[in-house]
2 protein chains.
Amino acid sequence: MSPRTPRPAQANSDQLPTRVPVADPSPTRQKLIETAEALFDTEGFHAVGLDRILRTVGISKQAFYRHFESKEDLVADVIHWHDRWWRDNCRKLLAQRVGLDARRQLAEFVTLLVEVLEGDVFRGCFFMNAVAQFPNTSDPIHQAALEAKDNIEAMIRDMALGAGADDPAAFARELGILFEGAFATRHIRPPEHVVPFLRRMAATLFAQRLPPSGNGLAIDQPA
Amino acid sequence: MSPRTPRPAQANSDQLPTRVPVADPSPTRQKLIETAEALFDTEGFHAVGLDRILRTVGISKQAFYRHFESKEDLVADVIHWHDRWWRDNCRKLLAQRVGLDARRQLAEFVTLLVEVLEGDVFRGCFFMNAVAQFPNTSDPIHQAALEAKDNIEAMIRDMALGAGADDPAAFARELGILFEGAFATRHIRPPEHVVPFLRRMAATLFAQRLPPSGNGLAIDQPA
DNA sequence: GGTGCCGGTTGACCTCTAGTCAACCAGTTC
DNA sequence: GAACTGGTTGACTAGAGGTCAACCGGCACC
């Protein structure tokens, strides 16, 4: 899950907005995180050297090591940051688009991810890519990615609970599996190989686990 | 797809057999490939240095460069080798277990992968991990992994064709998406979070795209 | 029976990357 | 004015991938 949503240069309020610093512990630190995120995303964690990041930010090595203990430390922070950013924007966008009704939010969530899947570039789930690049389960980076996955699943579970799912935890796991398959496949295939099937299977899952929706809301219809 | 099936020490003829050199272009080369494969699988392509591989095989650096042009070259060959090995064993096993009936082979294919998903260790799909670790689409390693994915999809498509699927290509793509989701999720979750849903969705897909099977064969029932 | 090649060895070397150490500087804050 | 924060520079280490040169044993071939 969580593909790196390409942020539009001009963010209409209806689209995924460009990211905004959350707490801003230090402008330089934040700049390092966001610069690194962009580079890691397109080229992979290992392929991007510290020097690349430092040159891009315009900072010296010593200055970097005042903010982070190591490159590993930076990577873990990038993961945490991406996780928070992604969920915050999801929640914001869903509320903006369909209000606070959980059932409608769930349906819109699928729509939102389909939009991302239909983008020109798609590099898979940021967190799963991190897991693949740091396979050692005791690696802090690996663990940070797992944590992000847990957080996203919890978010879906909350919506499912609000929507009256028979088993919110199972619903969240199962929708997660569908998205995981869609994201992984979209990583290497065109959108049209993925989206129709995702819609169909999500509709099946909704029908199986959610109470019938009175308003005829059907997520398997194109917008 | 294609998780690194843990090869049993004693291969019963009914289980996934230990691998056997196919053509054996050079024993040393083959030993390099298989040693590298095991290390890459557990620790990732970048984390494993050439020196580690060379020390394990017991060979000098110069000797290595007589067999491969570069580490990249070795990695690409490991991917190709794993692809061939995996498909060969799949076909062999399916024929062994259920004969040549395509419909039965498809059902058994699901069973086979479920067995793999239920193993103690599971590190995701070898090829998808490669894609994640070499995101540059023009990278020969990335392309080798894509090729492997194409080959596997073609294998499924052939079975679907034989089984009388309404649209063999769509069936193969869709079953692929289900497996992709199952593998990615199983990478970070226990089997029981994945397998029941995979069975359910595969059964749905079979019902949608394959002609009704006369013998009451149901893949959504546990063995 | 040399010639040459194939697969292997050794050791020195280059470049890049992560990370360290030491010294220095400017602005804030107490 | 002292101390802290965040920045600078340059020199350095260790480990990675990769190269170069020289050497060695077996074996095939004319």
Side-chain angles (χ1 to χ4, degrees), chain A residues 21 23-79 81 130 132-136 138-142 144, chain B residues 21 23-79 130 133-136 138-142 144:
Chain A
D24 202 356
S26 145
T28 307
R29 187 187 166 92
Q30 193 56 30
K31 207 173 162 194
L32 281 165
I33 291 178
E34 295 184 36
T35 304
E37 188 208 19
L39 290 170
F40 288 153
D41 182 25
T42 50
E43 305 182 34
F45 296 102
H46 295 288
V48 177
L50 252 190
D51 288 356
R52 265 287 283 304
I53 301 170
L54 301 188
R55 244 183 291 122
T56 310
V57 173
I59 209 185
S60 71
K61 206 177 245 191
Q62 259 319 303
F64 170 81
Y65 280 103
R66 281 209 220 284
H67 290 287
F68 297 95
E69 286 199 351
S70 60
K71 189 191 177 186
E72 275 221 325
D73 191 22
L74 169 65
V75 174
D77 256 43
V78 164
I79 307 244
W81 152 258
Q133 281 169 81
F134 299 90
N136 185 343
S138 63
D139 191 315
I141 299 175
H142 188 102
Chain B
D24 201 356
S26 144
T28 307
R29 188 188 166 92
Q30 193 56 31
K31 206 173 163 194
L32 281 166
I33 291 179
E34 296 184 36
T35 304
E37 187 208 19
L39 290 170
F40 289 154
D41 182 25
T42 50
E43 306 183 33
F45 297 102
H46 295 289
V48 177
L50 251 190
D51 288 355
R52 266 287 283 306
I53 302 171
L54 301 188
R55 243 181 294 123
T56 309
V57 173
I59 209 186
S60 72
K61 207 176 243 192
Q62 260 318 303
F64 170 81
Y65 281 102
R66 281 208 222 285
H67 290 286
F68 296 95
E69 286 200 350
S70 61
K71 188 189 176 187
E72 276 221 326
D73 191 21
L74 169 64
V75 174
D77 256 43
V78 164
I79 308 242
Q133 282 169 81
F134 299 90
N136 185 344
S138 63
D139 190 316
I141 299 175
H142 188 102

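Proteins get letters first, then strands, A, B, ... in listed order; numbering begins at 1 in each.
Within the 4.0 Å cut-off from OP1 or OP2 of dG7(D), at least one side-chain nitrogen or oxygen of T28(A) is found. Side-chain nitrogen and oxygen atoms of H67(B) include none within less than 4.0 Å of the OP1 or OP2 phosphate oxygen of dC6(C).
F68(A) and L32(A) get closest at one heavy-atom pair: CE1-CD1, 3.8 Å. Of all heavy-atom pairs between I79(A) and A130(A), the closest is CD1-CB, 3.4 Å. Across L39(B) and T56(B), no two heavy atoms sit closer than the pair CD1-OG1, 4.1 Å.
Counting to the nearest Å, the P atom of dT8(D) and the CZ atom of R55(A) are 14 Å from each other. Per the geometry, CD1 belonging to I59(B) stands 16 Å off C1' belonging to dG18(D), to the nearest Å. In this structure, K31(B) atom NZ and dG7(C) atom C1' are separated by 14 Å, rounded to whole Å. Spacing between atom CZ of F64(A) and atom P of dT8(D) amounts to 13 Å, rounded to whole angstrom units. Distance, F45(B) CZ to dG17(D) P: 14 Å, rounded to whole Å. Between L50(B) atom CG and dG15(D) atom P the separation is 16 Å, expressed in whole Å. One can place CG of D73(B) at 10 Å from P of dG18(D), the figure rounded to the nearest angstrom. Rounding to whole angstrom units, CD1 of residue I53(A) and P of dA18(C) are separated by 8 Å.
Put simply, the side chain of R29(A) reaches to within 4.5 Å of the side chain of D77(A), judged on heavy atoms. When side chains are defined from C-beta on, Q133(B) does not count as touching I141(B), because their heavy atoms never get closer than 4.5 Å.
Both S60(B) and E69(A) lie close to DNA chain C; mapped to their nearest nucleotides by heavy-atom distance, the more 5′-ward contact belongs to S60(B). A residue-by-residue look at R52(A) and R66(A) shows that R52(A) has its nearest nucleotide of DNA chain C further toward the 5' end.
For Y65(B), the side-chain atoms get nearest to dG17(D) when compared with the rest of dT8(D), dG17(D), dA18(C). With dC21(C), dG19(C), dG17(D) as the candidates, the nucleotide lying closest to the side chain of K71(A) is dG19(C). Side chain of Q62(A), nearest nucleotide from dG10(D), dG18(D), dC20(D): dG10(D).
K61(A) contributes a side-chain N or O that forms a donor-acceptor pair with the base of dG19(C) under 3.5 Å.
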